[in-house]
Each structure stands twice: as structure tokens, then as C-alpha cells.
Amino acid sequence: MEILRTILVFLHLLGMAIIVGGYFANIKAPKVIPGMLHGAYLQLITGIALFGLLEAQGAMTSDLRIKYTVKVALGLLVAVFAFLGNRREKLAARTAAEVPVGAGAPGAGPAAGEPGGSGGSGEPGARNPSAPFAHLTFGAAVLAVIVAVFWV
């Protein structure tokens with residue numbers, strides 16, 4: 001059982017590293033990349049497995065049960081934020097592929113590359129529609145780490 005627990009902890013930490021690494025790799029133009037979504041799923045699955053392993057061993061106290069329930073809830077938040085951000089990225093990529101370059105809806109404003117367009121000094125959210133979800137995914141993952149480390 002100890003080998004299984006060690007493997008699950010390793011995979012759990014690997015999922016966290018994928019989320020944090022994906023965030024910092026795109027820090028200049030934050031977006032949710034597929035790796036962040038996969039890392040969130042890995043953390044959620046291994047976290048639930050670790051929770052179940054503690055239950056099966058009978059080592060779960062009411063204090064630990066509360067802590068791990070909070071961590072599972074945070075893991076769900078991380079996964080939802082990553083999923084929504086990834087979905088928003090895919091939708092933006094699909095929409096960009098359908099609209100020819102320089103063409104836009106009438107009255108939609110300047111296109112990328114035109115003065116005032118989102119190609120240069122425009123708002124970053126216009127280029128990276130999943131930026132808010134990237135920040136939320138990273139923040140919730142870091143909060144889960146803080147809960148794991150400091151909630152004794």
C-alpha cells in the first residue's frame with residue numbers, strides 16, 4: 001500500500017507541476033493550454049484516489065476528512081476553470097479559422113493588425129480569451145497547495 005501511495009503522491013505533484021509550469025510558460029500572454037487541463041485532471045483523479053486510500057486504511061479522522069474534502073473541492077474548481085479556459089481557447093481558435101484575415105462583422109471594429117485592432121496594443125483578453133481562466137486555474141491550484149501544506 002505504501003508503494004501505491006507514493007506513486008499517487010508523485011503523480012499528484014506532477015499534475016501540480018504541469019499546471020504551474022503551463023501557467024509560467026505562457027506568463028506574457030496567459031492562456032489555458034491543454035497540458036494545464038490534463039494536469040488538473042491528473043490532480044483531481046490522484047487526489048480522490050489518495051482520499052479513498054486513506055479511507056480504506058482506516059487512517060481517516062474527522063479533521064483529515066474535512067481537510068481532504070476541502071482539497072477535493074479545490075481540485076474540482078481547478079479542473080472546472082481549466083476545462084472552461086480550454087473550451088474558450090478552442091472556440092476562439094475555431095472562430096478565428098472561420099473568419100478571413102482582415103474581415104470582420106460589420107461594425108465590429110478594427111481587425112488585428114489594423115490601427116486600434118487587437119494585434120498590437122489592444123487588450124490582452126482579446127488575444128487570449130482564456131486568460132482569466134488561466135489565472136483562476138493557477139490561483140486555485142496554489143491555494144490547494146497552501147491548504148495541503150499549512151492546514152495541520
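Counting heavy atoms from C-beta outward, L53 and M1 have side chains that approach closer than 4.5 Å. For the pair K90 and N86, the minimum side-chain heavy-atom distance is below 4.5 Å. Side-chain atoms of F51 and T69, non-hydrogen and from C-beta on, do get closer than 4.5 Å to each other. Looking at heavy atoms from C-beta onward, F83 lies in side-chain contact with Y41 at the 4.5 angstrom threshold. By the 4.5 Å heavy-atom criterion applied to side chains, I19 and T137 are counted as neighbours.
Counting all heavy atoms, side chain and backbone alike, A29 lies closest to N128 at CB-ND2, 3.1 Å. Contact record, M36 with K31: SD-O, 3.7 Å, taken as the closest heavy-atom pair. Between L44 and A79 the shortest heavy-atom distance is CD2-CB, 4.1 Å. Listed here is the closest heavy atom pair of V32 and E89: O-CG, 3.5 Å. Smallest separation of non-hydrogen atoms from R88 and P132: NH1-CG, 4.5 Å. Of all heavy-atom pairs between L8 and A49, the closest is CD1-CB, 3.9 Å.
Atoms CD and CE, from E55 and M60 in turn, are 4.5 Å apart once rounded to the nearest 0.5 Å. The CG atom of L50 sits 10.5 Å away from atom CD of Q43, with the distance rounded to the nearest 0.5 Å. Note: Y68 OH to T61 OG1 = 9.0 Å, rounded to the nearest 0.5 Å. A distance of 9.0 Å separates CD1 in I18 from CG in L11, rounded to the nearest 0.5 Å. A distance of 8.5 Å separates OG in S130 from CG in N26, rounded to the nearest 0.5 Å.
Under the 4.5 Å side-chain heavy-atom criterion for ILVMFWY residues, a single connected hydrophobic cluster contains both L143 and L136. Under the 4.5 Å side-chain heavy-atom criterion for grouping Ile, Leu, Val, Met, Phe, Trp and Tyr, F81 is connected to M16 within one hydrophobic cluster. The same ILVMFWY cluster, assembled from side-chain heavy atoms under 4.5 Å apart, contains both L64 and I48. In the hydrophobic clustering of ILVMFWY residues, with side-chain heavy atoms under 4.5 Å counting as a link, I7 and V9 come out apart. No continuous path of hydrophobic side-chain contacts links L77 to I45 [ILVMFWY only; heavy atoms under 4.5 Å].
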Given the rule in the ring pair (Phe, Tyr, Trp, His ring centres under 6.0 Å) test, do F24 and F138 qualify, once you have shown the distances and angles that lead to the verdict? CA-CA 9 Å; F24 283 125; F138 172 74; 5.4 Å; yes
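Counting non-hydrogen atoms of neighbouring residues, nucleotides and ligands closer than 6.0 angstrom, the NZ atom of K71 exceeds 12 such neighbours. Annotation: I3, atom CD1; neighbour count of heavy atoms from other residues, nucleotides and ligands within 6.0 Å does not exceed 12.
The aromatic rings of H135 and Y23 sit perpendicular, their planes meeting at an angle over 60°, well past the 30° parallel limit.
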